Undergrad: 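I have a structure here, written as structure tokens, and I will follow up with some questions on it.
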Amino acid sequence: MFISNLEFTTGKKVTKHLGLVQGSSVRAKHAGRDIMASLKNLFGGELKGYTELLQESREEATQRMLAQARAVGANAVLNVRFSTSSIAAGAAEIYVYGTAVILDGQG
Amino acid sequence: MYELIITLVLITLGYFFGSRAEKKHYKSIIEREKILNSLPVMASRIPIVKGDYDQILVSGNVVIASDYFKGFVASLRNLFGGRLRTYETLLDRARREAILRMKEQAQELGADIIFNVKYETSNISGQVSSKMSVIEVHAYGTALKKA
Amino acid sequence: MKYENPQIPEGINTTKEHPLKELLVLLIGSLLVILSITFVVTFGGGWLVDKIPFSIEKKVSNMYDVEKHVDDKRAPELIHYLQGLVDQISEAQDLPEDIKITVHFINSGTVNAFATLGGHVFVFRGLLEKLPNENTLVTLLGHEIAHVKLRHPIKSLSAGIFFSILTSAVTGGTGSDLLGSAGLLGSLKFGRDMEQQSDKEAMVSLQGMYGHLNGGAELFRIFQKMKEESDIDEPVKMFSSHPHDEKRIKNFQVVAKDKGWHETGALTPLPDFFQHSFVARKVN
């Protein structure tokens, strides 16, 4: 599936717009990670566990958005935006949205 | 009394380890920025290059924590207001690191230029006490690769 | 189209100032703030607290179920006796009419006694067991009653709340246990001059009830002896905030000489049940 945060493509033409599609993923850091994080917190620096966690979470949200796009018969998502919000203690929501379109000459 | 001693120890440890980590991180950022300088990154929405290009969404993220010293200075600063100098470097490092990771991903894919770069910054401190802040910076954009 | 990728110089988004310098400036600043607040609270706060009627203090203390923490019901004889003394002392100290003292007994070996909000005075078994005569007991009760009379609990409470607000602002705590950390139910810490004022009132009670001060200084000698015998971990809480006992004894003598009060006189013995047990035996 073609995915881009531009609202057009450089080569192919958009033949049909199918509206907004979105994906979200709420994940909590588990206690073990939290303890490690608070230790790390004393000294500063990168929290690798969290970086990976949010990466996975973003991946999942994107897959969900693509699933929505596939369901409406689109073959590309354009103008994609991400947003992250801390919704509760120790939990973060990743939200991704974009416009589902059908591109010329795409599978 | 014990609490005071523990706090002092934490502040000292935080200062030494934190500033060492920061120096190391800056050194690595500057080095990698030089290496990746050949790959241009633009905030503009419309690509300045014309022709047949593949579009690929690339991204980089980093979660970075402040140390106890930074948190302590910031909480004191909160009483008086003003510039939180200790957090400036934290955010600066996180933003540049995220961009570098995005660039590294783009370079692996053989991209020529990255467009429409967006940043997201979020506080994910959560359960970790409010003395310490944990932030995530996520950078993403569209990489163009000659088809 | 032409494009170039120039290197951006460092240090535009960050401040080039040593963080330790900032820490120093901030520490000095907050120290000054704390000092000026202490100044305002000790001088201005005391004046303000005098304007709070005792009935409000009583209402605050009524939020807590005092009965649950004390053993008054198990020692009716003792409470009756103590309350009788307390009423006499209140008269000797010329307590304002709206202030009513209630004495409570706690069946614990801790050598301590304290006064808290709402005119509640708590005495522990551990301290009662060490008292040689009634005159010393009156000194102790007189001291605690004086705390209530001079509104010390509410004064230190308001200062305590203020400081816990300040510390929670600095440490970023939630402040949910503000009242708890200020020690509403526990023994409040009083300043040294508060203790000295109360000592003086205790002497007034002694003089009023017996016509002499004999037995008063004995209280401080008990504390002094306890301090010498005890390890740091011993639950001898009462001493930590109190002025040096030697100094208190001397102060006693100075005031006595000043007022022309006698330091000798007949001691009144404690009632018989002090020899046996404070707690009434269960009747089967």
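Each chain gets a letter, A, B and so on, in the order the sequences are listed, and its residues count up from 1. Every value quoted in this text rests on a predicted model; they were computed, and no experiment measured them.
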Undergrad: Measure the spacing between CZ of A/R81 and CG of B/N116 and express it to the nearest 0.5 Å.
TA: 5.5 Å
Undergrad: Run the salt-bridge test on A/E46 and B/R101 with the 4.0 Å N-O cut-off and return the result as yes or no.
TA: yes
Undergrad: Between the side chain of B/Q55 and the main-chain N/O of A/F8, is any donor-acceptor distance below 3.5 Å?
TA: yes
Undergrad: More than 12 foreign heavy atoms under 6.0 Å from CZ of B/R20: is that the case here?
TA: no
Undergrad: Which answer fits B/E136, side chain, backbone, both or neither, if we ask what part of it has an atom under 4.5 Å from a heavy atom of chain A?
TA: side chain
Undergrad: Give, as side chain, backbone, both or neither, the part of A/S83 having an atom under 4.5 angstrom from any heavy atom of chain B.
TA: both
Undergrad: To the closest 0.5 Å, what do you measure between OG1 (A/T51) and CG (B/N61)?
TA: 6.0 Å
Undergrad: Are the side chain of A/N5 and the backbone N or O of B/V117 linked by a donor-acceptor pair below 3.5 Å?
TA: no
Undergrad: Given side chains that start at C-beta, do those of A/L47 and B/V134 come closer than 4.5 Å, heavy atoms only?
TA: yes
Undergrad: So for B/L90, is it side chain, backbone, both, or neither that comes closer than 4.5 Å to the heavy atoms of chain A?
TA: neither
Undergrad: Please name the pair of heavy atoms, one in A/V80 and one in B/Y140, separated by the smallest distance, quoted to 0.1 Å.
TA: O-CE1, 3.7 Å
Undergrad: In the structure I gave you, are the side-chain heavy atoms of A/F82 and B/H138 within less than 4.5 Å of one another anywhere?
TA: yes
Undergrad: Are side-chain heavy atoms of B/S59 and A/R58 found at a separation under 4.5 Å?
TA: no
Undergrad: So, taking the atom named CD1 in A/I94 and the one named OG in B/S122, what distance separates them when rounded to the nearest 0.5 Å?
TA: 7.0 Å
Undergrad: Is a salt bridge present between A/E7 and B/R45, judged by a nitrogen-to-oxygen distance below 4.0 Å?
TA: yes
Undergrad: Quick check against the 3.5 Å criterion: does B/T142 have a side-chain atom that pairs as donor or acceptor with the backbone of A/S4?
TA: no
Undergrad: Would you give the length of the straight line joining atom CG of B/N123 to atom OG1 of A/T84, rounded to the nearest 0.5 angstrom?
TA: 11.5 Å
